[in-house]
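Side chains included, hydrogens not; waters and symmetry mates left out as well; all remaining heavy atoms used. Numbers restart at 1 for each chain; the letters A, B, ... are given by sequence-line order, proteins then strands.
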There are 2 protein chains.
Amino acid sequence: MTVVEDRRSRRTRGALRDALVSLVLERGYAAVTVEDIVAAADVGRATFYTHFKDKEALYDHVVASVLQELKERLAQVLAPEDAGFTGQPVAEVFRHAAEQPDAYRMILRGEGDGRGLRALEDAWGTTAHEIFSARVKANAVRPRVDLQVLARAWVGEQMAVLLWWLEAPEPRPATDQVVETLVELSRRGRLWATGFDSDPR
Amino acid sequence: MTVVEDRRSRRTRGALRDALVSLVLERGYAAVTVEDIVAAADVGRATFYTHFKDKEALYDHVVASVLQELKERLAQVLAPEDAGFTGQPVAEVFRHAAEQPDAYRMILRGEGDGRGLRALEDAWGTTAHEIFSARVKANAVRPRVDLQVLARAWVGEQMAVLLWWLEAPEPRPATDQVVETLVELSRRGRLWATGFDSDPR
DNA sequence: CCGTTTCTGGACACACTGTCTATGATCGTC
DNA sequence: GACGATCATAGACAGTGTGTCCAGAAACGG
């Protein structure tokens with residue numbers, strides 16, 4: 001087995017990936033046919049089926065690639081035992097998304113009947129859970145809220161803001177600024193953002 | 001034009017709606033065909049097309065029905081000028097979702113390429129924005145965070161938790177308890193949930 | 001350069017779609 | 001309970017996209 005893929009395969013797969021993503025963003029996943037994809041990628045239809053079983057397999061391949069990269073990045077950021085709350089992991093996700101905004105938009109919009117969305121949610125949620133666990137351990141306290149729920153909530157918030165950010169017209173607000181806002185919300189709560197620091201009632 | 005729909009139409013449409021939702025939850029939207037739907041609903045295939053243009057139209061109809069109901073409910077809860085933060089609107093959404101959990105699960109999972117998800121996000125987000133605006137006005141402060149972003153984040157958080165709640169094995173945790181947790185997170189921030197009240201960075 | 005791998009168009013059976021028509025069943029109403 | 005209006009239905013139809021196969025052409029890496 002060769003280490004590096006045949007150039008033709010590489011080119012073909014890349015073209016198919018790009019074609020899928022851009023067509024889905026344009027028309028929606030359901031409205032995209034394999035024939036559309038091969039036409040956009042300028043590839044023979046028979047060729048498609050030598051690489052992927054069907055449209056779904058190509059979609060899953062794209063999602064898996066993105067998640068694989070993301071996991072590797074997050075692993076690096078999380079390496080130093082970091083019970084503080086620097087927002088590093090969040091920033092890393094935003095940076096990654098900025099590098100391939102289209103794929104992220106496809107996933108976050110829920111294209112593909114939300115399969116990519118759920119996969120991203122799981123991957124991100126696992127990281128979130130680890131962060132919260134470390135924090136609880138470091139503070140030696142009993143968590144006030146079930147950590148699974150907390151992780152879900154946190155991830156849901158971030159994914160929503162990430163999608164908003166990716167869909168915003170360019171030039172987008174600076175990554176650091178958005179991340180800083182998210183961290184502040186986690187730190188002080190949402191009421192802080194619309195009123196006084198200590199809220200009566 | 002008659003006020004009440006013909007009984008036959010009502011029955012047929014209801015059966016189609018239920019069939020779509022349960023099939024989608026079982027196999028995923030893309031894997032469900034019109035033939036499957038009419039078989040499950042025990043309706044002739046020709047009949048389907050007298051009511052809906054295609055599968056997508058049926059899906060949109062279901063989503064629109066849910067959102068319509070939700071809007072009416074939220075309007076009632078929001079009627080009293082309520083700048084406090086009672087969590088009433090959130091509780092109302094959870095109650096509504098508990099009444100038709102399957103439709104909500106279909107939507108929140110992102111089935112239908114996320115179209116329902118986006119529609120729900122918009123409806124809910126509008127309400128959220130109104131709530132935050134009222135609060136900012138009541139406190140006569142300049143919001144620290146763009147209210148659109150804030151609304152997005154809030155809604156994202158709640159939708160994530162709602163889905164978790166709906167997918168949880170029965171008996172589900174009590175609505176009030178989950179809502180109370182969400183309100184607390186908004187009030188004090190997420191760090192509070194995993195540590196001490198005043199957190200040193 | 002040569003053996004291997006990939007690409008390709010065209011043909012095929014198949015599943016599902018969306019439309020139409022004629023007939024029978026069920027409705028609301030008087 | 002009878003009647004006109006509306007709805008449900010089976011079956012036929014052409015059309016579109018799918019997934020598989022093949023044999024020849026092209027591009028690859030060593």
*Decide yes or no, distance alone: a donor-acceptor N/O pair under 3.5 angstrom between the base of dA8(D) and the side-chain of R8(B).*
no

*asked:* Quick check on dT16(D): is either OP1 or OP2 less than 4.0 Å from any side-chain nitrogen or oxygen of T33(A)?
replied: no

*Polar side-chain contact R45(A)-dG9(C) base: donor and acceptor under 3.5 Å*: no

*What is the distance from CD of E56(A) to P of dT18(D), rounded to the nearest Å?*
13 Å

*Flag side-chain contact, heavy atom, 4.5 Å: L120(B) against L70(B)*: yes

*asked:* Nearest heavy atom decides the nucleotide; on that basis, is A46(A) or V32(A) closer to the 5' end of DNA chain D?
replied: V32(A)

_Under-3.5 Å donor-acceptor pair between R7(B) side chain and dT26(C) base_ = no

*Can you name the salt bridge (charged side-chain N to carboxylate O under 4.0 Å, His left out) partners of R105(B), sequence neighbours left out?*
D102(B), E167(B)

_Rounded to whole Å, how long is the line connecting atom CZ of R13(A) with atom C1' of dC28(D)?_
17 Å

*Between dT6(C) atom P and F52(A) atom CZ, what is the distance in whole Å?*
13 Å

_Under 4.0 angstrom between H51(B) side-chain N/O and dA8(D) OP1 or OP2_ = yes

*Have a look at T47(A) and say if it touches a base, only the backbone sugar-phosphate, or nothing, with a 4.0 Å heavy-atom cut-off.*
base

*So, are E5(A) and R13(A) salt-bridged, with charged N and O less than 4.0 Å apart?*
yes

*Are E92(A) and Q88(A) linked by a side-chain donor-acceptor pair shorter than 3.5 Å?*
no

*Does OP1 or OP2 of dT20(D) have a side-chain N or O of Y49(A) closer than 4.0 Å?*
no

*asked:* Just the rounded figure in Å: distance from C1' of dT6(C) to CG of D6(A).
replied: 6 Å

